[in-house]
Amino acid sequence: MKRVTPGWTQVSARVVRQRAVGAGHLWLDLAVPRAFDPPAPGQFVQLLLGPTATAALLPRPMSVAACRRARHGWELGFLYAPIGTGTRALAALEEDATLELLGPLGHGFPLEQPGTPVLVAGGRGVAPLLFAADALARSRRRCEFLFGARSRTQLVGLPDARARLERLGGRIHLCTDDGSVGFRGHVVALLERIAARLKPPLVVHACGPHAMLKAVARWSLARGVPSHLAMESIMACGTGVCRGCPLPRSPRARAAFRGARTPSLYGNEEWAMCCTEGPVFEAAALDWERIE
Amino acid sequence: MKRVTPGWTQVSARVVRQRAVGAGHLWLDLAVPRAFDPPAPGQFVQLLLGPTATAALLPRPMSVAACRRARHGWELGFLYAPIGTGTRALAALEEDATLELLGPLGHGFPLEQPGTPVLVAGGRGVAPLLFAADALARSRRRCEFLFGARSRTQLVGLPDARARLERLGGRIHLCTDDGSVGFRGHVVALLERIAARLKPPLVVHACGPHAMLKAVARWSLARGVPSHLAMESIMACGTGVCRGCPLPRSPRARAAFRGARTPSLYGNEEWAMCCTEGPVFEAAALDWERIE
Amino acid sequence: MTPPRGVDLRVRIGPMALANPVLAASGTFGYGDELAHVVDVAALGGVITKTVTLKPRAGNPPRRIAETAGGMLNSIGLENVGLQAFVREKLPRLRALGATIVASLGGETPRDLERLLEALGGERGVSGFEINFSCPNIARGGARYWAVPRRLERTLQRLRPLTRAALIAKLPPDVTSVADLAVACEQGGADAVTAVNTFVGMAVDLEHMTSRLGRATGGLSGPAIKPLALARCHEAACAVRIPVIGSGGIMSGRDALEFIAVGATAVQVGTASFIHPRATLDVVEEMRALLAERRIARLLDWRAVLADPAARPPAALNRRRTSHG
Amino acid sequence: MTPPRGVDLRVRIGPMALANPVLAASGTFGYGDELAHVVDVAALGGVITKTVTLKPRAGNPPRRIAETAGGMLNSIGLENVGLQAFVREKLPRLRALGATIVASLGGETPRDLERLLEALGGERGVSGFEINFSCPNIARGGARYWAVPRRLERTLQRLRPLTRAALIAKLPPDVTSVADLAVACEQGGADAVTAVNTFVGMAVDLEHMTSRLGRATGGLSGPAIKPLALARCHEAACAVRIPVIGSGGIMSGRDALEFIAVGATAVQVGTASFIHPRATLDVVEEMRALLAERRIARLLDWRAVLADPAARPPAALNRRRTSHG
Ligand SMILES: Cc1cc2nc3c(=O)[nH]c(=O)nc-3n(C[C@H](O)[C@H](O)[C@H](O)COP(=O)(O)OP(=O)(O)OC[C@H]3O[C@@H](n4cnc5c(N)ncnc54)[C@H](O)[C@@H]3O)c2cc1C
Ligand SMILES: Cc1cc2nc3c(=O)[nH]c(=O)nc-3n(C[C@H](O)[C@H](O)[C@H](O)COP(=O)(O)OP(=O)(O)OC[C@H]3O[C@@H](n4cnc5c(N)ncnc54)[C@H](O)[C@@H]3O)c2cc1C
Ligand SMILES: Cc1cc2nc3c(=O)[nH]c(=O)nc-3n(C[C@H](O)[C@H](O)[C@H](O)COP(=O)(O)O)c2cc1C
Ligand SMILES: Cc1cc2nc3c(=O)[nH]c(=O)nc-3n(C[C@H](O)[C@H](O)[C@H](O)COP(=O)(O)O)c2cc1C
Ligand code: FES
Ligand code: FES
């Protein structure tokens, strides 16, 4: 059973810097105080701007893409796309602006699992995997990094990924739908293609659009390769109290639920809460047919 | 009868600069395109920030404090206090941020009236009077400028006022409630004190808290001195269509209303709309007993 | 993007043919000429004029406006020029601008409304009448008085013979069943119902310990009420066969298409005109562009794609997942 | 600023004495222990637990949340652990935290509620029961079913003998008269009414042409509804002598004081806890500070300063202008 006692807090964060990283995406560094529990790769935070910065009421969930010690606490990195009211308001923040940050939330990738970590990123889903690559590098573990997107320009954060992997000689494998760089095709096709060449046993950690994660989950279930997928959901609280972020459990997981002592904060027999039990789930835990 | 056909438009404005001018107040310069009808002193605009800058829904009315020709149109100056959601969000805007601006709205001070213009400013009500002083200077007319506030530090924009008056040798008369600079007492007491020394006939143009404007109105009605007072009201539209900004007419003005052909956009027998008939009103037009 | 021409936005409301489904909401667009220098009113579906009463009304004391989260309360109190000035001064100007005119009428009793319609029912150039059964801001003849199905039905039965123009009943939202009111209006002979007027709300000024309005309550409008208005519009559309006109928080072409998707035939733009004086026309243009993008040639093909009039509201939306997206 | 000590915030709801008037709203605070590491639940007026039903409920399919202007729609569908697990696992933990516990109960019929109260009515450490007569998100036994004064009155008559703890009826807002429902509850023997639950609303996803929720409608909460909830709370407070608990859009101590000024005895903080997990406690502290600033020693001296129970709602506020400011 995963850890129950939540370690999150809500703190004031300061914009250290914000820069464009291509294809309309931004990289944001936020300073948070030492009291903040350092997040693990795959965990997320809730960013809250307030009425003098946005009309959005609810905080916005965002994966942590980097975390490093800084002078008075931690510096957290985020990679995001300004697509709506909340993220556009975020993009308008200048250096030294403050916002509220709640976290770390949810459960991250079980990077401690033995085997070759295969990180599979789709589009802006690369964010938590950059952090995962970092963490693996810190514990001196080599990983394989698969990164797919629609086209070359959509491979946002690629230089960051390269920088991280170079340090440890992890390998990066690219693919694009249009073949503008790397393998032409989906990242799962790429995975299928190179899996046999990688050092077994493999452990897949993936993040990207749900359609991609579905394909990764199916691939890994068919191959018997363990995989851990960082899911998304519309959220209100991020802490488990609103019950707003259900993901459907697989029939097997439902059966298992009855015997287990899963905390109700995580969900019930039918639904797993993305924010507390997830956002990272094992492929076998979810009913991929019913995921949108 | 005042001009009916409105000359306002809604345009995109750009923040040229924003700077603190003391006592928590800010001076904001906005660039608007040439298509914008240049405003007259006492007129106002509606500033609209939008959902990626503020939770405020409605635009905020703001007096024009300066207007000068600029490269691609006009540069408008504003002096304001960040007191609530909308104005605080405005204060957060950095150079080059854009917002929407609707104007010019309402009717300004009738500066063309012959006589010695006596400009009476209370606190941040100085904003439109700085503009009035500018306009008078441009038409080479001397004015008397009375400026009152709670204390020395609350005399925001005083250097601007001085700069304007120096050009033409207009005189500035200060007063503060605490006597920290100038005459100790209210601006109306100051007016009473110096009025006899000024060159008649006098024409008063005033802006400030309603309590001060009440006192100015009563003084001027008692002395038979014409006075024009820039009023405020909570507003929604600023254009006369919502009927949200009524000010009570004086009994005399009501009687006069029946004969006159006041456009209904301006109000009815009982109420004058602040945004269309005003914001500048003659003292005799309003029922000061009923004004809050 | 496909050029926005060629999308057929025409709709009918009873005898009234509208070039497009976007109407300026009563009380938010004056008498139609105030914003004419920025909105070509002839290009709108129509203009619903400020509710007119037999006698002029001065309106409520200040404050009349209080902004709230995502919305605004108003306590205007039906300030209007009265029947006589409306006919003499306002109608001619609006006619001259070429607008499709819907006159909004307000009364404290069925008799008041009869007299208004007797005077105006045959007026040239008035295509429709919207009966304001739902003003939250007046002491008598407001939403509470009219929110009784039988009263609505009987009143409309008396009004129906007085005009051949479209007869529209504007409904209040603060009722247990908008559907019941809509059905009563249909049975009374209305050509359409408008769902909905503003919601009764309150705001307090803690500094001065008073209402933030001149009266204790006001009517809430704007984006805050959009989800509520949409549900009520859907409920009404499921209940009656006559057209439903959606109103409440419509700020954009998207918003308008949402109302039409759940069953509205036309929409009203209100508070948006206070924020963007051109909002009504912007809604028409954005709506046209969005339909063109989706390759929908006629607005009527879009109407009610998300409403299943046979089903009860809660079930309706999930059932159909058409793919116009 | 005056130190915030010394302000007496105690209030009574029937037999229940609360240290202060701030309750965590049902469904927004889990079973009371989820946020306990940031909120000292013993310092709250009380915690209203997630509505519990006889059997566990898995809740509605996604999507369950849709943000709207100034508010959010939810379609949770009363997901809860069911009576048995509630008694075995949840109550003991919450008791251990020292919270004043109000258990929210939901049923599809009066009989369901009876059975729940038979099981829980004598449960140690449960100070009150809030009967959820107003869930907008379930197919049966929701707000529509219960929004009938006689049904409420009779049901409460059956429940009243089953417990000596406080019996609170939570009312839906989407009715013609909240006052009528409140009076029915008073007559049925309720110790208090809560005004109000979420408003029925709808939101559409134009890209996918579906509801933005798993069901067609959801319940709207948050600041958007505050003015509406305040008016309904005032209406209820004017209609009954039992305490009214205000709910709807309360995000701050200021908001709470507004509800209490128009006649509420206590308040609930809901959606705010999703934005600031500490919101409930922040409301208590801000309220205390605001009263201290105004030199008001007892919250009860503040209650209803803006409500005149004898007057009809619209007239009440303008009449009294006390100067506590
Ligand atoms: C655990 C988690 C981690 C995330 N990490 C990242 C990240 O690292 N980088 C990043 O760019 N984004 C991330 N997201 C998505 C991000 O939260 C949404 O893009 C954001 O909430 C959109 O807010 P908005 O106000 O800009 O858009 P809105 O105006 O609210 O919505 C714009 C569109 O996005 C959809 N949307 C809204 N919220 C979500 C959501 N929570 N998930 C998916 N779609 C949504 C809406 O339905 C709508 O179609 C993450 C989401 C979750 C749940
Ligand atoms: C014609 C006109 C000209 C103005 N010129 C200036 C100016 O030059 N400089 C300046 O600083 N301010 C000016 N104001 C006032 C300015 O519009 C308000 O300060 C502003 O609307 C407050 O918005 P907010 O969102 O910051 O505050 P909110 O959060 O909306 O309100 C904060 C407080 O201000 C009060 N308030 C809100 N709107 C108004 C209003 N329109 N008038 C008076 N009080 C209000 C509220 O009741 C509340 O107590 C002017 C107002 C009008 C009507
Ligand atoms: C300031 C104001 C005045 C209004 N006056 C009237 C009116 O006179 N008659 C009427 O039927 N509706 C009136 N309404 C209601 C609007 O026509 C509209 O139905 C309502 O505001 C909801 O739409 P919105 O959210 O787009 O504004 C008024 C609304 C506002 C905000
Ligand atoms: C996600 C969510 C779940 C809710 N669940 C319940 C519930 O189970 N029982 C109940 O009586 N009210 C429930 N409510 C209503 C709240 O208790 C509260 O009355 C309402 O949200 C209005 O208050 P607010 O605006 O402060 O949230 C829920 C509200 C939300 C937002
Ligand atoms: S977002 Fe609230 S329970 Fe997951
Ligand atoms: S602000 Fe709308 S009429 Fe004056």
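Chain identifiers are assigned alphabetically (A, B, ...) following the order of the sequence lines, protein sequences preceding nucleic acid strands; residue numbering begins at 1 within each chain.
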Notebook entry, point to check: So which of C:Cys233, C:Gly249, C:Gly70, C:Pro227 has the largest heavy-atom pair count under 4.5 angstrom toward chain D?
Noted result: C:Pro227

Notebook entry, point to check: Checking D:Leu220 against chain C: side chain, backbone, both or neither under 4.5 Å from a heavy atom?
Noted result: side chain

Note to self: So which atom in C:Leu206 and which in D:Leu257 form the shortest heavy-atom distance, rounded to 0.1 Å?
What the structure shows: CD1-CB, 4.1 Å

Check: Does a side-chain heavy-atom distance below 4.5 Å link D:Val204 with C:Leu230?
Finding: yes

Next item on the list: Take C:Arg144 and D:Glu235, measure what salt bridge (charged side-chain N to carboxylate O under 4.0 Å, His left out) needs, and give me the verdict at the end.
Entry: CA-CA 13 Å; C:Arg144 288 246 163 181; D:Glu235 184 189 335; 3.1 Å; yes

Note to self: For the CG atom of C:Asp174 and the CG atom of D:Asp174, what is their distance to the nearest 0.5 Å?
What the structure shows: 9.0 Å

Checklist line | Atom of D:Ala224, atom of C:Ala224 and distance for their closest heavy-atom approach | finding: CB-CB, 3.8 Å

Check: Do the non-hydrogen side-chain atoms of C:Lys226 and D:Thr68 ever get within less than 4.5 Å of each other?
Finding: no

Item checked: Contacting moiety of D:Leu73, where chain C heavy atoms sit under 4.5 Å -> side chain

Notebook entry, point to check: With side chains defined as the heavy atoms from C-beta onward, is the minimum distance between D:Phe259 and C:Met202 less than 4.5 Å?
Noted result: no

Next item on the list: Can you see which heavy atom on C:Leu228 is nearest to which on D:Val200, and at what distance?
Entry: CD2-O, 3.2 Å

Check: Do NZ/NE/NH1/NH2 and the carboxylate oxygens of C:Arg294 and D:Glu207 come within less than 4.0 Å?
Finding: yes

